[in-house]
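Notes to accompany the following structure.
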Number of protein chains: 2
Amino acid sequence: MSKKEEIESPVVAVDAVIFTVIENRLNVLLTKIKYGPYAGSWGVPGGRVRMDESLDEAAKRELLEKTGLKNVYLEQLYSFGRVDRDPRARIISVAYFALVDHNKVKLRTTGKYEDIKWLPLKGTGKLAYDHNEIVDYALFRLKNKIKYTNIFYSLLPEKFTLSELQRIYEITLEKKLDKRNFRKKIFSSGLIKEAGVTVGMPHRPSKLYSFRNRKPVFVEMF
Amino acid sequence: MSKKEEIESPVVAVDAVIFTVIENRLNVLLTKIKYGPYAGSWGVPGGRVRMDESLDEAAKRELLEKTGLKNVYLEQLYSFGRVDRDPRARIISVAYFALVDHNKVKLRTTGKYEDIKWLPLKGTGKLAYDHNEIVDYALFRLKNKIKYTNIFYSLLPEKFTLSELQRIYEITLEKKLDKRNFRKKIFSSGLIKEAGVTVGMPHRPSKLYSFRNRKPVFVEMF
DNA sequence: CCAAAAGTGTTGGGGATACACCCATGA
DNA sequence: TCATGGGTGTATCCCCAACACTTTTGG
């Protein structure tokens, strides 16, 4: 039992669904695949899990390699394991999802991919493997999660106005929110604190806020 | 790329946290481990994922082998992948959790385990590997999930009284519920339907109910 | 007639929703 | 002074929680 076993085993990979907001739309980071049956297709970035790293570490490494970012919101989503999800080999994908501020990202293509870029969530077309399913599920989880957490700390700049925050919520939830009620909820959640005011706008200056914590916090909100 | 690769890869296993209620307490199905550094310890049942089965299929197979049951509530929980979680080998565990009616279960020990039995959730003591963490997380998810789903269809007999259902909720949530409010919520959820009455009790007969669906359904309740 | 569990209605409070107007600034 | 977005208060409704007594049966 303790010797090396010869039983074949599936390969383990992590895939990362990385969301950001660009021009009032949710975007996902996608890579163009160079080799194999899906060459030319777009898919979410991913890679094999090494023997000396945990799943979380593998996901962090993937995120760092592709975006240069650390310390962003990154959470395990689900593990996808259909037998035929990759026609070439038996691969189990442990999917993660992350939120980033795209202004902080310097995209870097590695040898494995032909290209890497942000694509609006609506209009990615058919993705490689089962990646449409993975992205859809990530979106579902995201929509739920923002109702009771502060995870947008990872998507917005350090300081932001309440209107900006509300816009992100509206984009993600795909519906308009009442400004007054939104403010009441956010304030009563205690998730944010004041952080100055804007200047130089052609209208009344707005207060700036920042999240009290840069780690996930759970509350009830919506 | 398409040839067999020689890169070492973690082994993939599924572990199943199987809950039931016995004598007003939540119990978990545990197996006594025969070999290795945790020999003699108890842990949740699990096994390697085969090359020709999906993760879900592996979990179903595990459940069937240990309990003889099919078609019960079984859902993927989380994947655990710390490097040192098994001192002998690098093993990724995709954990599932299930709810069963223990009266329908015929426990069967397979060669791999010395013993298998139900143990009350409080008082399992220290389990093998990271199985305490896995069981704790499964319980957390269970407590949440019953607030907005019908998954107890899998734990109760086909027909049950509202008092029985309420008892299961109280045991799981570890708190008393108001009988009148409980009934209102359950009825308004539309999850159950009438299914006869009890007879031969030394008190007023109660109506019997059954779940409208034997597949997971989502509603808002608690 | 007694024990045991089943079953049922009403009230009050708090949180959510809906809604419209004034404010401060730069140009 | 005007255009632009920032910022605020209140009335209503509905849902939830709290609460106690009557009903039906077997023994």
Side-chain angles (χ1 to χ4, degrees), chain A residues 21 23-24 143-144 146-149 152 156-157 159-211 218-222, chain B residues 21 23-24 143-144 146-149 152 156-157 159-211 218-222:
Chain A
V21 168
E23 288 169 7
N24 294 331
K143 283 184 179 183
N144 282 308
I146 59 171
K147 293 176 185 171
Y148 59 91
T149 62
F152 278 147
L156 285 163
K159 298 179 177 189
F160 51 85
T161 67
L162 275 187
S163 297
E164 284 166 350
L165 181 59
Q166 181 173 347
R167 216 184 69 247
I168 302 289
Y169 270 92
E170 289 178 340
I171 291 165
T172 306
L173 296 173
E174 297 179 286
K175 67 176 179 190
K176 280 226 155 299
L177 299 173
D178 180 272
K179 187 169 30 161
R180 287 158 286 195
N181 295 334
F182 178 78
R183 284 164 187 246
K184 269 181 275 184
K185 271 180 202 156
I186 294 295
F187 288 139
S188 74
S189 77
L191 292 177
I192 62 172
K193 61 178 189 218
E194 297 197 8
V197 290
T198 58
V199 288
M201 296 293 178
H203 55 76
R204 175 172 176 176
S206 53
K207 287 188 182 169
L208 290 169
Y209 295 88
S210 61
F211 283 96
F218 295 72
V219 293
E220 276 307 326
M221 280 198 300
F222 291 92
Chain B
V21 169
E23 287 167 8
N24 293 332
K143 284 184 179 183
N144 282 308
I146 59 171
K147 293 175 186 172
Y148 59 92
T149 62
F152 278 148
L156 285 163
K159 297 178 178 189
F160 50 87
T161 68
L162 275 188
S163 297
E164 284 165 351
L165 180 60
Q166 180 174 348
R167 216 185 69 247
I168 302 289
Y169 270 92
E170 289 178 340
I171 291 166
T172 306
L173 296 174
E174 297 181 286
K175 67 177 178 189
K176 281 227 154 297
L177 300 173
D178 181 272
K179 187 166 34 158
R180 287 156 288 194
N181 294 335
F182 178 78
R183 284 164 188 245
K184 271 180 272 184
K185 271 180 201 156
I186 294 294
F187 288 140
S188 75
S189 77
L191 292 177
I192 61 171
K193 59 178 190 219
E194 296 197 9
V197 290
T198 58
V199 289
M201 296 291 177
H203 56 77
R204 176 171 173 175
S206 53
K207 287 187 182 170
L208 289 169
Y209 295 87
S210 60
F211 282 96
F218 296 73
V219 293
E220 275 307 326
M221 280 198 299
F222 290 93

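Residue numbers start from 1 in every chain, and the chains themselves are labelled A, B, ... in the order their sequence lines are given, proteins ahead of strands.
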Handout entry: Residue-level proximity of residues 198-208 of chain A to DNA chain C when a heavy atom falls under 4.0 Å
Key =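 Nucleic-acid contacts, sorted: Met201(A), Pro202(A), His203(A), Arg204(A), Pro205(A).
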
Problem - From CD1 (Ile168(B)) to CD1 (Ile146(B)), nearest 0.5 Å - result: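 Between atom CD1 of Ile168(B) and atom CD1 of Ile146(B) there are 9.5 Å.
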
Can you tell me how far [atom2] of [N] sits from [atom1] of [X], to the nearest Å?
| X | N | atom1 | atom2 | answer |
| --- | --- | --- | --- | --- |
| Lys176(B) | dC19(D) | NZ | P | 15 Å |
| Phe182(A) | dG6(D) | CZ | P | 12 Å |
| Gln166(B) | dA5(C) | CD | P | 14 Å |
| Leu177(A) | dC19(C) | CG | C1' | 15 Å |
| Arg167(B) | dA5(C) | CZ | P | 12 Å |
| Asp178(A) | dG9(D) | CG | C1' | 12 Å |

Practice task
Name the orientation class of the two ring planes belonging to Tyr169(A) and Phe182(A) (parallel below 30°, tilted from 30 to 60°, perpendicular beyond 60°).
Solution key: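 Plane angle over 60°, so perpendicular.
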
Problem - Proximity of Phe152(A) and Phe211(A) rings by center, below 6.0 Å - result: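 Aromatic pair excluded; centres sit 6.0 Å or further apart.
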
Practice task
Compare all side-chain heavy atoms of Lys159(A) with those of Tyr209(A) and state whether any distance is below 4.5 angstrom.
Solution key: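 No, side chains not in contact.
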
Exercise for the section: Could you go through the side-chain contact (heavy atoms from CB on, under 4.5 Å) check for Leu173(A) and Lys147(A) one step at a time? Expected result: CA-CA 9 Å; Leu173(A) 296 173; Lys147(A) 293 176 185 171; 4.1 Å; yes

Handout entry: Along DNA chain C (nearest heavy atom to each residue), the more 5'-positioned of Arg183(B) and Asn181(A)
Key =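 Mapping each residue to its closest nucleotide by heavy atoms, the 5'-most match is Arg183(B).
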
Exercise for the section: Determine: side-chain N/O of Arg180(B) to OP1/OP2 of dG7(C), distance under 4.0 Å, yes or no. Expected result: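 Result: no.
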
Exercise for the section: Would you tell me if any nitrogen or oxygen in the side chain of Ser163(A) comes within less than 4.0 Å of OP1 or OP2 on dG6(D)? Expected result: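 Indeed, a polar side-chain atom of Ser163(A) lies that close.
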
Exercise for the section: Would you please test Ile171(A) and Arg167(A) for side-chain contact (heavy atoms from CB on, under 4.5 Å) and show each step? Expected result: CA-CA 6 Å; Ile171(A) 291 165; Arg167(A) 216 184 69 247; 4.1 Å; yes

Exercise for the section: Pick base, sugar-phosphate or nothing for Lys185(B), based on heavy-atom distances below 4.0 Å to the nucleic acid. Expected result: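 Contact class for Lys185(B): sugar-phosphate only.
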
Handout entry: Side-chain donor/acceptor of Glu194(A) to backbone N/O of Lys207(A), under 3.5 Å
Key =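 Checked: no pair found.
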
Practice task
Would you indicate which nucleotide in dG7(C), dT10(C), dG7(D) comes nearest to any side-chain atom of Lys179(A)?
Solution key: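 Among the listed nucleotides, the one closest to the side chain of Lys179(A) is dG7(D).
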
Handout entry: Side chain of Lys184(B) - closest among dA6(C), dA17(D), dT17(C)
Key =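 Ranking dA6(C), dA17(D), dT17(C) by closest atom to the Lys184(B) side chain puts dA17(D) first.
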
